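In this text the structure is predicted, and so the values were computed from the model without any measurement.
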Amino acid sequence: MKTEDVVFDEKGLVPAIVQDARSKTVLTLAYMNEEALKQTLQRKETVFYSRSRQELWHKGETSGNTQKVEAISYDCDQDAVLVQVIPAGPACHTGSYSCFNDALYSQDSDRYRMLTELGELLAKRKAELPEGSYTSKLFQEGVDRIAKKIGEEAGEVIIAAKNDDREELALESADLLFHLLMLLTDRNVPLDDVLAVLEERHSN
């Protein structure tokens, strides 16, 4: 990608849609001028242009809530950019994981949507680390503790299966999936990557 390929508006700006590379949640909509885009490419962290202050600002420079850039692409008209990031904290100035929290309309009949929603929630928990949250505690304890929980839950699944207890097997499987999604979130592996592997295997 070359900055010369991007079409900036009459004010020299281009809208930048920032998306969590793991959960695919849209985090915020900001703006970049050409210098902000160049610095973002150089730093591998988001740099935006503040329209109110009329100056560049490096996201997280004072708060610590930086956004590590994983990929940048532009749309078919080349007048908007999509920035996929790994956030080190909340994206919103209110302290929320995402700036888009209030639904105007929603209709989703996908019964497996829960996995996506759970992935989004875990990414939010990791970014915000709310006090008193079970997931916050596990994220803070790190990968070894999360991996240990997966081992424990896998053992419970095996026991439930051998006992031929369908209800317990469903409950323990839910716990195992939850902690597996936690581990993927902690290691910055999107659920989409896992699904892509399954799709490739199925097609072969």
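- Considering only residues two or more places apart in sequence or on other chains, Glu128 meets the side-chain hydrogen bond (donor to acceptor under 3.5 Å, both in side chains) condition with none of them.
- When the side-chain hydrogen bond (donor to acceptor under 3.5 Å, both in side chains) test is applied to Thr25, the partners found at least two apart in sequence or on another chain are Ser23.
- Sequence neighbours left out, not one pair with a member in residues 191-204 passes salt bridge (charged side-chain N to carboxylate O under 4.0 Å, His left out).
- Among residues two or more places apart in sequence or in another chain, the side-chain hydrogen bond (donor to acceptor under 3.5 Å, both in side chains) test is passed with Ser52 by Ser50.
- In this structure, the side-chain hydrogen bond (donor to acceptor under 3.5 Å, both in side chains) partners of Glu35, at least two apart in sequence or on a different chain, are Gln39.
- Residue pairs meeting the salt bridge (charged side-chain N to carboxylate O under 4.0 Å, His left out) criterion with at least one member in residues 86-95, sequence neighbours excluded, do not occur.
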Determine all donor-acceptor pairs shorter than 3.5 Å in which one atom belongs to a side chain in residues 76-93; sequence neighbours excluded.
unit_1: Gln78; atom_1: NE2; unit_2: Asp5; atom_2: O; d: 2.4
unit_1: Gln84; atom_1: NE2; unit_2: Gln19; atom_2: OE1; d: 3.0

Counting only pairs under 3.5 Å, give me each side-chain donor-acceptor contact of residues 153-171, with atom names and distances, residues two or more places apart or in other chains.
unit_1: Asn163; atom_1: ND2; unit_2: Ile159; atom_2: O; d: 3.3
unit_1: Asp165; atom_1: OD1; unit_2: Glu167; atom_2: N; d: 3.4
unit_1: Asp165; atom_1: OD1; unit_2: Glu168; atom_2: N; d: 3.0

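- Screening residues 3-55 for ring pair (Phe, Tyr, Trp, His ring centres under 6.0 Å) gives Phe48-Trp57 as the qualifying pairs, with residues at least two apart or on separate chains.
- The two residues Val14 and Val7 have their closest heavy-atom pair at CG2-O, 4.1 Å.
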Quiz: residues 174-187 side-chain donor-acceptor pairs under 3.5 angstrom, not counting sequence neighbours:
unit_1: His179; atom_1: ND1; unit_2: Asp175; atom_2: O; d: 2.8
unit_1: His179; atom_1: NE2; unit_2: Tyr134; atom_2: OH; d: 2.8
unit_1: Thr185; atom_1: OG1; unit_2: Leu181; atom_2: O; d: 2.9

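- Here the straight-line distance linking atom CG of Leu27 with atom CG of Asn65 works out to 11.5 Å at 0.5 Å rounding.
- Listed by first and then second residue, the salt bridge (charged side-chain N to carboxylate O under 4.0 Å, His left out) pairs involving residues 9-27 are Asp20-Arg22 (not counting sequence neighbours).
- Residue pairs meeting the salt bridge (charged side-chain N to carboxylate O under 4.0 Å, His left out) criterion with at least one partner in residues 37-57, sequence neighbours excluded, are Glu34-Lys38, Arg53-Glu55.
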